Amino acid sequence: MKVYIDGRLVDKENAKISVLDHGLLYGDGIFEGIRAYNGRVFRLKEHLERLWSSAKAINLAVPIQKKEIEKAIIKTLLANKLSEAYIRLIVTRGCGDLSIDPKNCTMSPSLIIIASSVSLYPEEFYINGMEVITTCIRRIRQDSLSPNVKSLNYLNNILAKMQATKSGVMEAIMLNAEGYVVECTSDNIFLVKDDIVYTPSASDGALMGITRDTVIELAKNKLKIPVKEERISVYDVYTADECFLTGTAAEVIPVIAVDSRQILDGKPGKITLKLIEEFKSLTRLTGIPIK
Ligand code: PXG
């Protein structure tokens, strides 16, 4: 595997950064998870815009221009001979000293691109659905840190993920400080009730996921189903007709049980399955071509 670091493609064994990089010392940095399908990078413009917004929010200067990052991603995919890939883009704060203040980070931020073939969940889950739990770990309040900053510090989501794993499932629903459903540890959440699609709104602290946006568009424009961005309670989840999760790594995945309660008859819902199909065909046909 070849990894891109600051303009160079190196073997993964040599893909190293300094122990004094604040990305490592404090989780001070940002990332994006992107996918390539069928030789095309899906929604690259949106991912780069979100990266730039994350950078702006934490006052970090991305070391190269968007067009250059696009070229670097393509170069990395070609070097690894990948046409279907999960791409991780990382920008660290850079090297400093042992104080949290980034003013001492005199070296420029590092840009890292890792591309590999990855599937987050077993194939079987996409056909038969998956079970999730509600975690007691709350999402960080958005008045402390916006969920839209995709920072290198994912500890609260990691704690929630660990709780899911300990409980024998692979994903957990996270609530905000008020106790309303926000999203999962690395996916957005959707419900279907009486042929209307619901998802938590930005004001409840959900990350404005790029897959979330794509699915909202597909539901509205392709399936002609209304979508409401609304406050959702755990009760709403338990009593929904359908539930599914979205994320770049997860794509669109049906949920069939939450906290040991079956969602309707415990099978992936009709609208969920249609959205999975629409998502699959869209991702194969759109995006920035690799060659
Ligand atoms: N919510 C959170 C908290 C996320 O971290 C999403 C929703 C989905 O957003 P997109 O734009 O990808 O549709 C994410 C996605 C992984 C992984 O390896 C994914 C994410 C973060 C960390 C790991 O699956 N982000």
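Numbering of ligands and ligand atoms starts at 1, following listing order. Owing to the predicted nature of the structure, the values given are computational and were not obtained by experimental measurement.
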Check your understanding: For Tyr86, is the NZ or CZ atom of Arg35 found under 6.0 angstrom from the centre of its six-membered ring and inside 45 degrees of the ring axis?
Key -> no

Exercise for review: Have a look at Leu152 and tell me which of Asp28, Leu24, Ile90 forms a side chain to side chain contact (heavy atoms under 4.5 Å, CB included) with it.
Suggested key: Ile90

Hey, what polar pairs (N/O, under 3.5 Å) does ligand 1 make with protein?
residue: ligand 1; atom: 1 (N); partner: Glu183; partner atom: OE1; Å: 2.7
residue: ligand 1; atom: 5 (O); partner: Lys150; partner atom: NZ; Å: 3.4
residue: ligand 1; atom: 5 (O); partner: Tyr154; partner atom: OH; Å: 2.5
residue: ligand 1; atom: 11 (O); partner: Arg50; partner atom: NH1; Å: 2.9
residue: ligand 1; atom: 11 (O); partner: Arg50; partner atom: NH2; Å: 2.9
residue: ligand 1; atom: 11 (O); partner: Ile210; partner atom: N; Å: 2.7
residue: ligand 1; atom: 12 (O); partner: Thr248; partner atom: N; Å: 2.9
residue: ligand 1; atom: 12 (O); partner: Thr248; partner atom: OG1; Å: 2.6
residue: ligand 1; atom: 13 (O); partner: Ile210; partner atom: N; Å: 3.3
residue: ligand 1; atom: 13 (O); partner: Thr211; partner atom: N; Å: 2.9
residue: ligand 1; atom: 13 (O); partner: Thr211; partner atom: OG1; Å: 2.6
residue: ligand 1; atom: 18 (O); partner: Arg88; partner atom: NH2; Å: 3.3
residue: ligand 1; atom: 25 (N); partner: Lys150; partner atom: NZ; Å: 2.6

Review point. Is there side-chain contact between Leu223 and Leu218, with at least one heavy-atom pair below 4.5 Å?
Key: no

Practice item. Could you tell me whether Glu70 and Lys75 have a side-chain N and a carboxylate O separated by less than 4.0 Å? Key: no

Check your understanding: Is there a path of hydrophobic side-chain contacts, each under 4.5 Å between heavy atoms of I, L, V, M, F, W or Y residues, that connects Trp52 with Val149?
Key -> yes

Exercise for review: Just say parallel, tilted or perpendicular for the rings of Phe190 and Phe244, cut-offs at 30° and 60°.
Suggested key: parallel

